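Numbers restart at 1 for each chain; the letters A, B, ... are given by sequence-line order, proteins then strands. Nothing here was measured: the structure is a model prediction, and the numbers come from that model.
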Amino acid sequence: AQTIHQWPVAEIKAVGSPLSLGCTIKGKSSPNLYWYWQATGGTLQQLFYSITVGQVESVVQLNLSASRPKDDQFILSTEKLLLSHSGFYLCAWKDWGATYEQYFGPGTRLTVL
Amino acid sequence: QQKVQQSPESLSVPEGGMASLNCTSSDRNFQYFWWYRQHSGEGPKALMSIFSDGDKKEGRFTAHLNKASLHVSLHIRDSQPSDSALYFCAASEQYNNNRIFFGDGTQLVVKP
């Protein structure tokens with residue numbers, strides 16, 4: 001069975017400080033991976049997606065960057081946090097079976113002060 | 001402009017009742033739709049996919065798609081308090097497209 005793990009569970013950071021969020025997928029070979037941002041109670045905004053190691057596509061510009069250093073790992077980062085970066089960050093992978101649905105991780109809650 | 005619109009924003013139904021959620025796309029290229037459910041503090045989970053016109057039933061959940069009007073709905077029969085959650089409609093041009101657009105969600109509350 002596939003499992004998706006995100007770290008950390010939650011972060012409280014200061015404006016201007018750096019950030020690194022991680023996502024690991026186990027039990028799935030060469031998954032398509034996605035990063036989403038969600039304001040509290042809000043919609044899911046797709047940020048990045050990656051179809052293979054070393055290749056990342058940006059969907060929106062939010063002063064964030066993403067990398068895929070390994071087949072099962074997706075990293076979201078920035079050198080300088082803004083207040084607007086606060087929210088819930090979700091990593092997901094896509095199933096290429098009959099439903100093509102996405103499977104989301106448990107998320108990371110980020111508070112920028 | 002939001003490409004996927006959902007209504008209502010919030011919905012309250014009694015336990016055992018029927019909940020009906022709506023989703024409309026403003027982009028005629030969107031032909032593939034999904035419904036996701038998110039409980040507070042968790043990641044969303046897929047409920048159903050629907051790619052063809054008509055109804056698709058899975059247990060207490062029935063989705064209906066009308067591609068001509070770009071409208072998809074989700075009906076929850078015999079609603080349970082555990083169904084209380086934020087429901088999202090998602091759409092894409094192709095089932096295998098990496099760009100997926102989510103609506104703003106409908107907050108469903110099922111009252112015991």
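The hydrophobic clustering, which links ILVMFWY residues whose side-chain heavy atoms are closer than 4.5 Å, places A:I51 and A:V53 apart. Hydrophobic clustering (ILVMFWY, side-chain heavy atoms < 4.5 Å, transitive): A:V60 and A:V56 are in one cluster. Both B:M48 and B:F30 belong to a common hydrophobic cluster when Ile, Leu, Val, Met, Phe, Trp and Tyr are linked at side-chain heavy-atom distances under 4.5 angstrom.
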Where do B:W34 and A:Q102 land on the side-chain contact (heavy atoms from CB on, under 4.5 Å) test, with the steps shown first?
CA-CA 9 Å; B:W34 297 261; A:Q102 290 186 303; over 6 Å; no

Check against side-chain contact (heavy atoms from CB on, under 4.5 Å), A:Y49 and B:R99:
CA-CA 8 Å; A:Y49 65 86; B:R99 285 293 286 119; 4.2 Å; yes

Starting from the C-alpha separation in whole Å, work towards a yes-or-no answer on side-chain contact (heavy atoms from CB on, under 4.5 Å) for B:E42 and A:L90.
CA-CA 9 Å; B:E42 300 179 2; A:L90 292 152; over 6 Å; no

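Residue B:I100 touches chain A through both its backbone and its side chain, counting heavy-atom pairs closer than 4.5 Å. Neither the backbone nor the side chain of B:Y32 comes within contact range of chain A; no heavy atoms are under 4.5 Å apart. Within the 4.5 angstrom heavy-atom criterion, atoms from both the backbone and the side chain of A:E101 approach chain B. There is no contact between B:Q6 and chain A, counting heavy-atom distances below 4.5 Å. For B:F51, the part sitting under 4.5 Å from any heavy atom of chain A is the side chain, from C-beta outward, and nothing else. Using a 4.5 Å cut-off between heavy atoms, A:I4 does not touch chain B at all.
Within residues 14-41 of chain A, the residues approaching chain B closer than 4.5 Å by heavy atoms are, in numerical order, A:N32, A:Y34, A:Y36, A:Q38, A:G41. Using non-hydrogen atoms only and a strict 4.5 Å limit, no part of residues 66-85 of chain A faces chain B.
Atom CG of B:D104 and atom CG of A:L44 lie 10.0 Å apart (nearest 0.5 Å). Atom CD of residue B:Q38 and atom CZ of residue A:F88 lie 6.5 Å apart, to the nearest 0.5 angstrom.
Contact count against chain B (heavy-atom pairs under 4.5 Å) is highest for A:K94 among A:Q6, A:K94, A:R109. Your options are B:P44, B:G43, B:S40, B:S92, and the one with the most heavy-atom pairs under 4.5 Å with chain A is B:P44.
Within the 4.5 Å cutoff, no side-chain heavy atoms of A:E57 are placed close to those of B:N98.
Ring-plane geometry between A:F104 and B:F102 is classed as perpendicular, the angle between the planes exceeding 60 degrees on a 0 to 90 degree scale with a lower cut at 30.
Between A:T43 and B:G103, the shortest heavy-atom contact is OG1-O, 2.5 Å.
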